[in-house]
Student: 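Mind having a look at this structure? Questions to follow.
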Amino acid sequence: MADLSGCWLGTYWQNEMPSRFEATFVQSGNVFNGSILDDNYLGEATVRGEVIGRSISFTKFYLVTSPSPVIYTGTVSENEDYMQGKWNIGFHYSGLWEARRNGENLIVDLQTWLEKQTLLTTSKKP
């Protein structure tokens with residue numbers, strides 16, 4: 001079972017727009033709790049989830065800005081320093097997410113992703 005305890009820096013995408021977040025998790029057995037701070041107007045949220053092997057699932061509950069819980073599912077890398085997956089709010093909103101224990105490469109990854117999206121967008125134009 002993967003150990004998620006600690007601090008994570010991540011990004012989630014909604015409508016192809018990235019939003020960064022900071023998360024802190026405390027794990028006991030296969031259950032973990034924690035908090036997430038989004039780097040946008042949504043702000044702080046609490047988290048409850050579980051780990052089974054390298055599969056993770058958790059629910060994010062915003063403290064003030066949104067009454068809708070956000071469901072995250074995904075996998076943790078073998079070395080337990082990276083995780084990624086999908087998120088959804090009911091059937092209406094969904095996207096991808098990722099997080100790293102060490103955020104040194106996160107901004108590089110974000111810039112690379114934005115460059116790829118720009119190339120895809122400009123290559124689709126007639």
Student: Distance from Ser68 atom OG to Asn88 atom CG, nearest 0.5 Å?
Tutor: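 Interatomic distance, Ser68 OG to Asn88 CG, rounded to 0.5 Å: 11.0 Å.
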Student: How far apart are the closest heavy atoms of Ala2 and Val51, and which atoms are they?
Tutor: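 The pair with the smallest heavy-atom distance is O-CG1, 3.7 Å.
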Student: Can you find a heavy atom in the side chain of Glu22 that is under 4.5 Å from one in the side chain of Cys7?
Tutor: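 No, side chains not in contact.
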Student: In terms of heavy-atom contacts, does OH of Tyr93 have more than 12 from other residues, nucleotides or ligands at under 6.0 Å?
Tutor: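 Result for OH/Tyr93: open.
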Student: Is any side-chain heavy atom of Gln27 closer than 4.5 Å to one of Asp3?
Tutor: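 A side-chain contact under 4.5 Å exists here.
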Student: Indicate, with yes or no, if the rings of Trp97 and Phe58 have centres closer together than 6.0 Å.
Tutor: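 Ring-ring flag for Trp97/Phe58: true, centres closer than 6.0 Å.
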Student: When rounded to the nearest 0.5 angstrom, what distance separates OG in Ser5 from CZ in Arg101?
Tutor: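 Ser5 atom OG to Arg101 atom CZ measures 7.5 Å (nearest 0.5 Å).
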Student: Measure across Glu98 and Phe21 and return the closest heavy-atom pair with its distance rounded to 0.1 Å.
Tutor: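 Closest heavy-atom pair between Glu98 and Phe21: O-CZ, 3.8 Å.
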Student: Are Ile89 and Ile56 linked, directly or through other ILVMFWY residues, by side chains that come within less than 4.5 angstrom of each other?
Tutor: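 Cluster IDs for Ile89 and Ile56 match.
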Student: Between Ser19 and Asp38, is there a side-chain donor-acceptor contact under 3.5 Å, judged purely by atom types and distance?
Tutor: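 Result is no, nothing qualifies.
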Student: State, to 0.1 Å, how close Met83 and Leu4 come at their nearest heavy-atom pair, and which atoms those are.
Tutor: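 Closest pair (atom of Met83, atom of Leu4, distance): SD-CD2, 4.2 Å.
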Student: Take Tyr62 and Glu44, measure what side chain to side chain donor-acceptor pair (under 3.5 Å) needs, and give me the verdict at the end.
Tutor: CA-CA 6 Å; Tyr62 285 102; Glu44 189 175 359; over 6 Å; no
Student: For the backbone of Met17 and the side chain of Asn15, can you confirm whether one donor and one acceptor N or O come within less than 3.5 Å of each other?
Tutor: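 No; judged by distance alone, with no hydrogens or angles, the pair does not exist.
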Student: Thr59 versus Arg48: any side-chain heavy-atom pair under 4.5 Å?
Tutor: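 No, side chains not in contact.
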Student: Can you check whether Ser94's main-chain N or O pairs, donor with acceptor, with Trp13's side chain at less than 3.5 Å?
Tutor: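 No, Trp13 side chain to Ser94 backbone: no donor-acceptor pair under 3.5 Å.
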Student: Is there a path of hydrophobic side-chain contacts, each under 4.5 Å between heavy atoms of I, L, V, M, F, W or Y residues, that connects Tyr41 with Val70?
Tutor: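 Same cluster: Tyr41 reaches Val70 through Ile, Leu, Val, Met, Phe, Trp or Tyr contacts under 4.5 Å.
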Student: Less than 6.0 angstrom from the centroid, inside 45 degrees of the normal: does Lys86 satisfy that with respect to the ring of Tyr12?
Tutor: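 Checked: cation-pi criterion not met.
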Student: Do Trp8 and Leu42 belong together in a cluster built from hydrophobic side chains that touch within less than 4.5 Å?
Tutor: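 Yes, Trp8 and Leu42 fall within the same hydrophobic cluster.
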Student: Rounded at 0.5 Å granularity, tell me how far CZ in Phe61 sits from OG in Ser66.
Tutor: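 That separation rounds to 11.5 Å.
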Student: Side-chain heavy atoms under 4.5 angstrom apart, residues restricted to Ile, Leu, Val, Met, Phe, Trp, Tyr: same cluster for Met1 and Phe32?
Tutor: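 Looking at the clustering, Phe32 is in the same group as Met1.
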Student: Does a side-chain heavy-atom distance below 4.5 Å link Thr11 with Pro18?
Tutor: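 Yes; the side chains approach each other to less than 4.5 Å.
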Student: Supply the atom-to-atom distance Asp39 CG to Leu37 CG, rounded to the nearest 0.5 angstrom.
Tutor: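 Going from CG on Asp39 over to CG on Leu37, the span is 7.5 Å.
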Student: In Å, rounded to the nearest 0.5 Å, how long is the span from OG1 of Thr46 to CG of Asn33?
Tutor: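 Rounded to the nearest 0.5 Å, the OG1-CG separation comes to 8.5 Å.
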Student: For residues Arg100 and Leu9, determine if any side-chain heavy atom of one lies less than 4.5 Å from a side-chain heavy atom of the other.
Tutor: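 Side chain of Arg100 against side chain of Leu9, heavy atoms only: no contact under 4.5 Å found.
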Student: Under the criterion side-chain hydrogen bond (donor to acceptor under 3.5 Å, both in side chains), which of Glu80, Glu78, Gln84 is the partner of Tyr82?
Tutor: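 With Tyr82 as partner, side-chain hydrogen bond (donor to acceptor under 3.5 Å, both in side chains) holds for just one option, Gln84.
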